[in-house]
Amino acid sequence: MKKLGLFSLFLVLTLMIAACGGGGEKAVSGEKAAKTDNEKVYKVGVDTTYPPFEYKEGSEYKGIDIDLINAIAKNQGFKIELNPMDFGGIIPAMQAGQLDVAIAGMSITDDRKKVVDFSTPYFDAGLTVVVKKDNSDIKSVEDLKGKTVAVKKGTTGAKYAQDNASKLQIKVVQFNDSPAMFQEVSNGNADALIEDYPVISYAIAQKDLGLKIVGDRLNGDQYGIAVLKGQNQDVLEKINKGLEELKKDGSYDKIIETYLGK
Ligand code: GLN
């Protein structure tokens, strides 16, 4: 009985893999398409200037996103290779076929949904305004009129600032990574910045950056893991399944606790 069960499972799997190879992987190169799922190494785009989600310590990558994607890959039996890059380059790299997956504290947005498919949300974030610690005239987004606001290229923070630039009457300056953006405000070159709440609150708690958070969160951004739209549906399914299992067995909470405490 057991043998027969395994054999039919094998048959079903073989058929499924054959079916996927025919339709789902059209845009994948011949060499990749010929490989089976087990051999394929998924290229994962990460933004390693983004603690507590992704950062480099010595030669090691660490953070919630790194632990999460490693745990998902292990749970679902697929291989990954991390590809660190500026956040703004991640979706273009996916579209150019250089990445299969992205986990980068990436917020799920309708705009991005036009080009990528997202996993189920795995973290609640949301944008916030940040100013220099000794600034007393900016208490919320309403006080930004006439001010210079630093943002990070390609982010939801950048989009928020650009979309509201004329309404808020702000000047927007863009940076490639979060540390450069933080620096701009702490050294007084820009009046404020917009960053994800959990990222800036973690940064301020780790080290005195001379910055403070003001006002309420500007939105309710949630993070998702992205795969290129209409492709890699097999890996998206595994990601969702892995995420669900890690949430059920407590591993997800453990990862969050490692970086954020209880
Ligand atoms: N969550 C923001 C976004 O998706 C910022 C991400 C990041 O800077 N890594 O745009």
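Both ligands and their constituent atoms are indexed starting at 1 by order of listing.
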Trainee: What atoms of ligand 1 come within less than 4.0 Å of a heavy atom belonging to Ser107?
Mentor: 1 (N), 2 (C), 3 (C), 4 (O)
Trainee: Return the residue, atom name and 0.1 Å-rounded distance of the protein heavy atom closest to atom 8 (O) of ligand 1.
Mentor: Lys152 NZ, 2.7 Å
Trainee: Do Ala104 and ligand 1 have an N or O pair less than 3.5 Å apart?
Mentor: yes
Trainee: Any Lys/Arg nitrogen of Lys254 or Asp249 sitting under 4.0 Å from an Asp/Glu carboxylate oxygen of the other?
Mentor: no
Trainee: Tell me whether ligand 1 is touched by Asp47 - counting only heavy atoms on the residue side and a distance under 4.0 Å.
Mentor: yes
Trainee: Please give me the minimum heavy-atom distance between Leu246 and Asn75, naming the atom from each residue.
Mentor: CD2-ND2, 4.3 Å
Trainee: Tell me the protein heavy atom at minimum distance from atom 5 (C) of ligand 1, and give that distance in Å.
Mentor: Tyr50 OH, 3.4 Å
Trainee: Taking both backbone and side-chain atoms of Phe87, is any N or O found less than 3.5 Å from an N or O belonging to ligand 1?
Mentor: no
Trainee: Judging by distance only, is a nitrogen or oxygen of Ser178 under 3.5 angstrom from one on ligand 1?
Mentor: no
Trainee: Less than 4.0 Å between a side-chain N and a carboxylate O, is that true for Lys145 and Asp191?
Mentor: no
Trainee: Against heavy atoms of Met106, which atoms of ligand 1 measure under 4.0 Å?
Mentor: 4 (O)
Trainee: Which is closest to atom 3 (C) of ligand 1 in terms of heavy atoms, Glu54, Lys153, Lys159, Arg112?
Mentor: Arg112
Trainee: When you measure from atom 6 (C) of ligand 1 to every protein heavy atom, which one gives the shortest distance, and what is it?
Mentor: Gly105 O, 3.2 Å
Trainee: May I ask you to check whether Thr155 has an N/O atom sitting below 3.5 Å from an N/O atom of ligand 1?
Mentor: no
Trainee: Would Asp111 and Lys159 pass as an ion pair if we require N to O under 4.0 Å?
Mentor: yes
Trainee: Are Lys229 and Asp117 close enough for a salt bridge, meaning some N to O gap below 4.0 Å?
Mentor: yes
Trainee: Please say whether the positively charged group of Lys247, taken as NZ for Lys or CZ for Arg, lies over the ring of Tyr252, i.e. under 6.0 angstrom from the six-membered ring centre and within 45 degrees of the axis.
Mentor: yes
Trainee: To which of Val46, Asp177, Asp196 does the heavy atom nearest atom 2 (C) of ligand 1 belong?
Mentor: Asp196
Trainee: So, does Tyr223 sit close enough to ligand 1 that a heavy atom of it is under 4.0 Å from the ligand?
Mentor: yes
Trainee: So that I know where these two stand, are Phe53 and Phe123 an aromatic pair - ring centroids less than 6.0 Å apart?
Mentor: yes
Trainee: Around Gln98, counting heavy atoms of other residues, nucleotides and ligands shown, do more than 12 lie under 6.0 Å from its CD?
Mentor: yes
Trainee: Taking only Lys NZ, Arg NE, NH1 and NH2, and the carboxylate oxygens of Asp or Glu, determine whether Lys62 and Glu57 approach each other closer than 4.0 Å.
Mentor: yes
